[in-house]
Amino acid sequence: MKNSFLSILIVLLCISCEEKKTEEPQQATPQKEDNDRFPSSLSKVFEAHGGLETWRKMNNLCFELEKPEGVEVHSADLNSRKARIEGENFTIGFDGKNVWKVDPENTFKGNARFYHNLMFYFYAMPFIISDPGAFYTERKDTILQRKNYGVIHIGFGRNVGDAPDDEYIIYYDKETYKMEWLGYTVTYFEGDKSKDWHYIKYDTWLEEGGLLLPQTMVWYEAENNKPLKPTRRVSFSKVVVSESVLPDSLFNAPDNTEFVD
């Protein structure tokens, strides 16, 4: 059965993030070369969502994700990228080196290593692409669903993350510079660059901690590498992003837990 005590603990930790402060929170130092690294359009996208300076002050991100099989509680350390997902009858964690899973009833049907940071990565857009190792190219404007968007293509250097051949495209509103669509490829399972693009519409946003963060995302079926029709809507709730540092114990594997390759 689901460990209800751990679920309650995670929720309480996330809700209380704004109240608990460590004396020396581990903050990422702003990079002086930002102006050289980022195209001006991408810098404006960051600013439209609250700014990189605000994002880099934060140390943790927690949210709940509503799925047909139940609610998942996601918790992440924004500096170490340690992660924990508490789902219905299963728990997945990343301790900074290894992915682990507790799933006595074999409830989780996916690949735990692939999934442990998947929704976090989508949720932390556009800020997550400011990570070292990414490179950026401004493309020609593109029309999606009868609207013209500015376009920024994102690739990665070798040995960056588990799937360095993944690619992303941010489509932003030309007037507000808010991100509205994300195009992405998946290479984790194949290992080679993919020509098949998938699309998410960032449908609604919420403001938390001075940042504009997703409230609902809509996945689209694609045709000829363009979004065609919506297939799945995902809603997020109880979102907390703060300067508090979550305890390492939250991300450590319980005793006798098997690690995931």
Side-chain angles (χ1 to χ4, degrees), residues 25-61 74-85 92-99 111-139 150-172 177 179 181-200 202 211 213-214 241 245 251 260-261:
Q26 301 172 358
Q27 298 177 2
T29 303
Q31 300 181 23
K32 296 180 180 179
E33 69 272 17
D34 279 354
N35 290 336
D36 296 328
R37 287 185 63 215
F38 306 132
S40 60
S41 57
L42 181 55
S43 294
K44 291 177 181 179
V45 171
F46 291 146
E47 286 302 315
H49 287 265
L52 274 181
E53 183 177 354
T54 302
W55 171 255
R56 287 169 172 163
K57 290 179 181 178
M58 303 303 174
N59 285 297
N60 81 80
L61 173 64
H74 290 238
S75 306
D77 183 297
L78 294 180
N79 292 298
S80 68
R81 298 296 163 81
K82 294 179 180 179
R84 183 185 182 102
I85 302 171
I92 294 172
F94 176 61
D95 62 10
K97 293 183 179 179
N98 300 295
V99 175
N111 182 301
R113 183 165 188 86
F114 175 72
Y115 188 66
H116 83 274
N117 62 356
L118 180 68
M119 296 308 300
F120 162 76
Y121 211 91
F122 287 144
Y123 194 85
M125 289 285 176
F127 299 109
I128 197 73
I129 61 168
S130 67
D131 283 0
F135 54 89
Y136 319 93
T137 306
E138 294 180 285
R139 303 295 190 190
V151 180
I152 303 169
H153 179 272
I154 301 99
F156 300 91
R158 294 181 179 180
N159 302 317
V160 176
D162 285 340
D165 287 328
D166 284 356
E167 298 175 89
Y168 295 88
I169 296 178
I170 282 180
Y171 301 87
Y172 62 90
Y177 283 90
M179 172 181 168
W181 290 86
L182 178 72
Y184 66 96
T185 63
V186 178
T187 64
Y188 181 87
F189 300 101
E190 290 80 12
D192 297 318
K193 281 190 175 292
S194 173
K195 296 181 180 179
D196 294 326
W197 286 88
H198 308 267
Y199 292 88
I200 302 173
Y202 286 67
L211 298 169
L213 300 171
V241 58
V245 178
F251 307 108
V260 180
D261 293 330

Taking atom types as modelled and ignoring hydrogens, do the side chains of Asn59 and Asp77 form a donor-acceptor contact shorter than 3.5 angstrom?
no

Yes or no on side-chain contact (heavy atoms from CB on, under 4.5 Å) for Leu118 and His116, after CA distance, side-chain angles and deciding distance?
CA-CA 6 Å; Leu118 180 68; His116 83 274; over 6 Å; no

In this structure, NZ of Lys82 is separated from CG of Asn60 (nearest 0.5 Å) by 13.5 Å

Is the ring pair Tyr171/Tyr199 parallel, tilted or perpendicular, if the boundaries are 30 and 60 degrees?
tilted

Name the one of Tyr121, Trp197, Phe122 that satisfies ring-ring contact (aromatic ring centres under 6.0 Å, His included) with Tyr184?
Phe122

Might you point out which heavy atoms bring Phe251 and Ser75 nearest each other, and give the distance in Å?
CE2-O, 3.8 Å

Are the aromatic ring centres of Tyr136 and Phe38 under 6.0 angstrom apart?
yes

Supply the atom-to-atom distance Trp181 CH2 to Met125 CE, rounded to the nearest 0.5 angstrom.
15.5 Å

Which atom of Phe114 lies closest to which atom of Asn111, heavy atoms considered:
N-OD1, 2.9 Å

What verdict does the side-chain contact (heavy atoms from CB on, under 4.5 Å) test give for His198 and Val186, after you've listed the backbone C-alpha separation in whole Å, the side-chain angles of each residue and the deciding distance to 0.1 Å?
CA-CA 8 Å; His198 308 267; Val186 178; 4.1 Å; yes

Euclidean distance, Ile154 CD1 relative to Leu42 CG, rounded to 0.5 Å:
7.0 Å

Mind listing the closest non-hydrogen atom pair of Met179 and His49 along with its distance?
N-NE2, 2.9 Å

State, yes or no, whether a side-chain contact exists between Ile169 and Val151 at a heavy-atom distance under 4.5 Å.
yes

Looking only at heavy atoms, what is the nearest atom pair of Ser41 and Glu138, with distance?
OG-OE2, 2.5 Å

CG of Leu213 to CH2 of Trp55, rounded to nearest 0.5 Å, is 7.0 Å

Measure the CD1-CD1 distance between Ile170 and Ile129 for me, rounded to the nearest 0.5 Å.
3.5 Å

Considering all heavy atoms of both residues, which atom of Gly50 and which atom of Phe127 are nearest to each other, and what is their separation?
N-CZ, 4.3 Å

Can you check whether Asp166's main-chain N or O pairs, donor with acceptor, with Thr185's side chain at less than 3.5 Å?
no

Measuring centre to centre across the rings, with the benzene-like ring taken for any Trp, is Phe94 within less than 6.0 Å of Phe120?
no

Heavy atoms only: give me the nearest Ser130-Leu52 pair and the separation to one decimal.
OG-CD2, 3.6 Å

Non-hydrogen side-chain atoms of Arg81 and Ile128 separated by less than 4.5 Å
yes

Using side-chain heavy atoms (C-beta onward) and a distance below 4.5 Å, is Leu211 in contact with Met58?
yes

